[in-house]
Amino acid sequence: MAFPWIVLLVLACLALYSLFIVRLRYRKLRHANGPFLAAFTDLYRARIQFFGPFVPALEQLHRRYGSIVRIGPNTADSYSSLRVFIGGKSIGSIIDMQDEDRNRAIRRAVGSAFIANNLLDYEPKLSATISDLLENIRTHHIHSNARAPVPFNLYRLIQLFQLDFLFLIAFSSSPGHISQNTDVLGMAHTLYKRIFHWYAWQPLPRLERFIYQNPLWSHLLTVPSPWARTGAQHLASRLSSSSSPQPNDTDNTNPTTLDLLQKYILASKSRPDLIPPSSLAGLVNSTISAGADTTSGGITTVLYLILRHPHVHAKLLQELHSAGISTPLRYAEVERLPYLGATIREALRLSAPLAVPLERTVPAAGCTFGETVLPPGTVVGCAAWVVHQNKGVFGEDAHVFRPERYLDATVEQLQAMERANLAWGLGGRVCLGKHIAELEMKMVIPTLLLSFDLNLCNSNLDIPFRNMGTFEMELNPILVTARERGQADK
Ligand code: HEM
């Protein structure tokens, strides 16, 4: 009857080992302030992040414990729960790549696709998709005297628009969401499920990996990704097709002929050590899926805040009218409009699409924040929503939507606000698609405002901006009605 003793011995060893690890993790950061429970278990953070409201909970912790708060023992792997699987195998992603050197090199290899100077390459494709968007609103949602107002879900429509645009720039072909007015491949829906999964499991990456990424049963649990499947199909047909531009093509001097997939293929040809062909599907998929929910949420947020603040709406229309914008609008006409730029910036400050803390690991040299010394390996994170409420930087009215704060500011204040701007992240892992997203926002928002008289149906809706960013727009849809603007309004 030795069996129970062996079991007990193993259990005791496991318990001792867990205690040892917990104590080690606790001791390393015992000087950091925070709730008692958070020093020992990630369940504390999981509770506030899952049941929320997360941002107010973080703000309250800062009021109580100061500018640095310990919200967990020390767990890194912010993005592992975003992994996408095909046939039970993770296809990899640029976002959860922890090898900084490789990430830097890949960003350099495909960087030309994302720099501000090459933005105009995207303009024709964007204009075409905007034209489909206008057509969609006119066909399905317009409110005229002859027809009763038909409220529509602004976020859903912008999401369909965004999916079409991203596919166009990535694969030179659009699934036609906007023209068919539907989530053609079920992408919007799975996007929401993935984002929800990420938010829910981000604080518990080990448990998430054990449950959802376990080779024994993960194929039963992982949400299929029509994104990844479609991307992989495009890649396969591109590599086998003789008609499309091939990786060996020397005519890559004209960037307008190359879509994102082709740029990645060329980068893979010249640096197979860095971008092996097997990593192409994951890299392209993660690059564009990073721009889907963020940009749809960003555009929706800006429009929502403009519509909620009639004086901002009026001032913006005035700026657009005085600029003599043509139809269809060209990027050069709106790129530098000050009030438009300030309005977008202010909306992303108050409601950055990524609401969860952006995490980094302290390097070997360690680092010091104020008087707190953080040892190498410590995971640190900043939540844009919390940083963006700093009154010392953004003023006493930091909670108010006021685009003028950037136009009235001194150079020093502007620099301080820029340094604290986390909407796009900061440093080496700053958003790769920032310039593309800005191009989109600066073209889509004025076009919609100049073409339609948009009205919010639920203008008392505050919830989306207090908890988890764009994800909430799925649960609490922002409904609007649209009426064609008369020529006289323009
Ligand atoms: C309003 C729109 C957008 C916002 C607010 C946004 C925000 C962000 C943020 C905050 C990060 C950094 C995450 C971190 O620091 O851990 C990021 C990363 C990234 N974004 Fe965006 N993004 C937007 C649009 C786009 C678009 C349109 C694309 C591509 C077409 C894109 C591609 C990426 C990629 C690939 C990364 C990962 C970069 C890396 O890890 O090296 N984003 N984005």
Side-chain angles (χ1 to χ4, degrees), residues 76-80 82 92-111 113-116 118-119 121-122 125-126 129 155 158-159 161-171 191 195 198 202 227 231 259-261 263-264 282-303 344-345 347-361 379-385 387-388 420-445 469-471 473:
D77 226 355
S78 270
Y79 294 111
S80 74
L82 259 183
S93 135
I94 189 168
I95 297 162
D96 87 295
M97 192 175 285
Q98 303 220 347
D99 176 345
E100 291 299 327
D101 292 336
R102 179 160 183 244
N103 176 276
R104 241 192 318 274
I106 291 178
R107 289 177 68 117
R108 258 200 311 273
V110 292
F114 298 98
I115 59 173
N118 291 343
L119 273 190
D121 299 346
Y122 297 109
K125 286 174 178 161
L126 181 56
T129 320
Y155 175 62
I158 300 293
Q159 206 181 23
F161 157 84
Q162 181 64 4
L163 289 172
D164 278 358
F165 175 63
L166 286 174
F167 268 73
L168 212 48
I169 63 170
F171 308 119
L191 201 62
I195 300 283
W198 174 42
Q202 192 204 25
W227 278 86
D259 54 28
L260 214 50
L261 174 62
K263 284 175 181 162
Y264 265 111
L283 286 175
V284 178
N285 175 67
S286 56
T287 302
I288 55 167
S289 58
D293 187 60
T294 44
T295 315
S296 335
I299 294 175
T300 312
T301 299
V302 182
L303 279 168
I344 292 173
R345 199 168 161 183
L348 298 187
R349 177 184 75 82
L350 272 185
S351 184
L354 281 188
V356 291
L358 305 175
E359 293 179 349
R360 303 287 186 268
T361 306
V379 180
V380 286
C382 289
W385 286 37
V387 175
H388 292 175
N421 179 4
L422 284 183
W424 308 96
L426 279 176
R429 302 299 287 263
V430 71
C431 174
L432 198 53
K434 174 182 174 188
H435 298 300
I436 298 179
E438 281 184 336
L439 168 86
E440 290 189 68
M441 288 192 279
K442 287 189 175 172
M443 287 185 67
V444 173
I445 292 162
T470 56
F471 156 65
M473 292 178 193

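Counting convention: from 1, in listed order, for ligands and their atoms alike.
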For [atom], which protein heavy atom lies nearest, and how many Å away is it?
atom	result
atom 33 (C) of ligand 1	Ala290 CB, 3.5 Å
atom 26 (C) of ligand 1	Gly291 CA, 3.2 Å
atom 13 (C) of ligand 1	Tyr79 OH, 3.2 Å
atom 29 (C) of ligand 1	Thr287 O, 3.4 Å
atom 40 (O) of ligand 1	Arg429 NE, 2.9 Å
atom 37 (C) of ligand 1	Ile95 CG1, 3.7 Å
atom 11 (C) of ligand 1	Trp424 O, 3.8 Å
atom 36 (C) of ligand 1	Leu432 N, 4.0 Å

Heavy-atom distance to atom 10 (C) of ligand 1: which of Ala113, Ala423, Cys431 wins?
-> Ala423
Could you name the option among Leu358, Thr294, Ile299 that has the heavy atom nearest to atom 1 (C) of ligand 1?
-> Thr294
With a 4.5 Å heavy-atom cut-off, do [X] and [Y] have their side chains touching?
X	Y	value
Tyr155	Ile299	no
Arg349	Asn421	no
His435	Phe114	no
Thr129	Gln162	no
Leu119	Glu438	no

Please identify which atoms of ligand 1 are closer than 4.0 Å to at least one heavy atom of [X].
X	result
Leu354	9 (C), 10 (C)
Arg107	38 (C), 39 (C), 41 (O)
Asn103	39 (C), 40 (O), 41 (O)
Pro353	5 (C)
Ala437	2 (C), 24 (C)

Where does [X] meet ligand 1, judged by heavy-atom distances below 4.0 Å: at the side chain, the backbone, both, or neither?
X	answer
Met97	neither
Thr295	both
Ala384	neither

Tell me whether [X] contacts the main-chain N or O of [Y] through its side chain, where contact means a donor paired with an acceptor under 3.5 Å.
X	Y	answer
His388	Leu422	yes
Trp385	Leu350	no
Arg429	Ile95	yes
Tyr264	Asp259	no
Ser286	Leu283	yes

Quick one: sort the Tyr122 and Phe165 rings into parallel, tilted or perpendicular, breaks at 30° and 60°.
-> perpendicular
N/O to N/O below 3.5 Å, does that happen between Arg360 and ligand 1?
-> yes
Determine the sole option in Asn285, Ile106, Val110 for which the side-chain contact (heavy atoms from CB on, under 4.5 Å) test with Ile94 is passed.
-> Ile106
Report yes or no: does a heavy atom of Ile288 sit under 4.0 Å from some atom of ligand 1?
-> no
